[in-house]
Amino acid sequence: EPEVTQTPSHQVTQMGQEVILRCVPISNHLYFYWYRQILGQKVEFLVSFYNNEISEKSEIFDDQFSVERPDGSNFTLKIRSTKLEDSAMYFCASSEVAGGDNEQFFGPGTRLTVL
Amino acid sequence: GENVEQHPSTLSVQEGDSAVIKCTYSDSASNYFPWYKQELGKGPQLIIDIRSNVGEKKDQRIAVTLNKTAKHFSLHITETQPEDSAVYFCAASDGGFKTIFGAGTRLFVKA
């Protein structure tokens, strides 16, 4: 069964450093998403991406965040200058059909720890 | 913006009993309500969903009900099994790209 994969599973970084989280969505999916989950809290929408541009973003997704689809398979989330409060689990998701009213398939997540 | 409240935060049941998790939403434009199960170390996985034109949906031991007037929807799991133990999230979407999640319910099923 096709699945969304994410690398690395755990990333430890120093405050102020840049990190890139990587995702490989399901191959025939065209809509991509990033979510984050601070430990013990709810899953929060960050951004959605389609046709090489952001389709929607939340207030969390400020100028320090960016997303990119550098090739036909990868989808990345870059955090330019990490802060302690960026420590969280980051989930990538993809869907075949547009819109939050269709099934999204989630990856296993990357745990980001900012020291 | 949309806000989704979920209760309880923790639920412990005996194997074979039923479990009910309740959510409310604030945005009347929301029209899609998925439920996700998150097992330890994994991402959320869709287990059932309901759209606003339907009041109830059932899939084997899992059912979801929706009351649009009250902006309330619930997940019902019958004949619970130890493998049902996980964190369950409700969510809401207005058909745009953003999905708003509840805070989650940690379900423990005791054998």
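Just the heavy atoms: all of them, side chains too, but no hydrogens, waters or symmetry mates, feed the values below.
When the heavy atoms of residues 78-91 of chain A are compared with those of chain B, the residues falling under 4.5 Å are A:Phe91, listed by number. Annotation: residues 48-57 of chain A contacts chain B through A:Ser48, A:Ser55, A:Glu56, A:Lys57 [non-hydrogen atoms, separation under 4.5 Å]. Close approach to chain B, defined as a heavy atom under 4.5 Å from one of its heavy atoms, is seen in no residue of residues 8-30 of chain A.
Here B:Gly102 is the residue among B:Gly104, B:Ala91, B:Gly102 with the most heavy-atom pairs under 4.5 Å with chain A.
Proximity to chain B (any heavy atom under 4.5 Å) is restricted, for A:Glu59, to the side chain, taken from C-beta onward. Proximity to chain A is limited to the side chain of B:Tyr36, based on heavy atoms less than 4.5 angstrom apart. Using a 4.5 Å cut-off between heavy atoms, A:Phe105 makes no contact with chain B at all. No part of B:Gln6 comes within reach of chain A, as not one of its non-hydrogen atoms sits under 4.5 angstrom from that chain. Proximity to chain A is absent for every atom of B:Val87, based on heavy atoms less than 4.5 angstrom apart.
Under a cut-off of 6.0 angstrom, the local environment of CZ in A:Arg69 is crowded, with over 12 non-hydrogen atoms contributed by other residues, nucleotides or ligands. Other residues, nucleotides and ligands place more than 12 heavy atoms under 6.0 Å from the CD atom of B:Glu15. At most 12 heavy atoms of other shown residues, nucleotides or ligands fall within 6.0 angstrom of atom CG in B:Leu40. Annotation for A:Gln64: atom CD counts as buried by contact number, over 12 foreign heavy atoms lying within 6.0 Å. Counting non-hydrogen atoms of other residues, nucleotides and ligands closer than 6.0 Å to CG of A:Asp63 gives a total of 12 or fewer. Within a 6.0 Å sphere centred on NZ of A:Lys42, other residues, nucleotides and ligands contribute more than 12 heavy atoms.
The two residues A:Phe45 and B:Thr99 come nearest to each other via the heavy atoms CB-O, 3.7 Å. In terms of heavy-atom proximity, A:Tyr33 sits nearest to B:Phe97 at CE2-O, 3.7 Å.
Both B:Ile21 and B:Val109 are assigned to one and the same hydrophobic cluster, defined by single-linkage of ILVMFWY side chains at heavy-atom distances under 4.5 Å. B:Val13 is not connected to B:Phe108 by any chain of hydrophobic side-chain contacts under 4.5 Å among Ile, Leu, Val, Met, Phe, Trp and Tyr, and they are in different clusters. In terms of hydrophobic clustering, with Ile, Leu, Val, Met, Phe, Trp and Tyr side chains grouped at heavy-atom distances under 4.5 Å, A:Phe75 and A:Ile60 are assigned to a common cluster. Clustering ILVMFWY residues whenever any of their side-chain heavy atoms sit less than 4.5 angstrom apart, transitively, puts B:Leu46 in a cluster other than the one holding A:Phe32. Clustering ILVMFWY residues whenever any of their side-chain heavy atoms sit less than 4.5 angstrom apart, transitively, puts B:Phe73 in the very cluster that holds B:Ile77.
Going from atom CD of A:Gln37 over to atom CZ of B:Phe89 covers 4.5 Å, rounded to the nearest 0.5 Å. In this structure, the separation between CZ on A:Phe106 and NZ on B:Lys42 is 15.5 Å, given to the nearest 0.5 Å. Note that the CD1 atom of B:Ile100 and the OG atom of A:Ser58 stand 8.0 Å from one another [nearest 0.5 Å].
Partners of B:Asp84 under the salt bridge (Lys or Arg N to Asp or Glu O under 4.0 Å) rule, at least two apart in sequence or in another chain, are B:Arg61.
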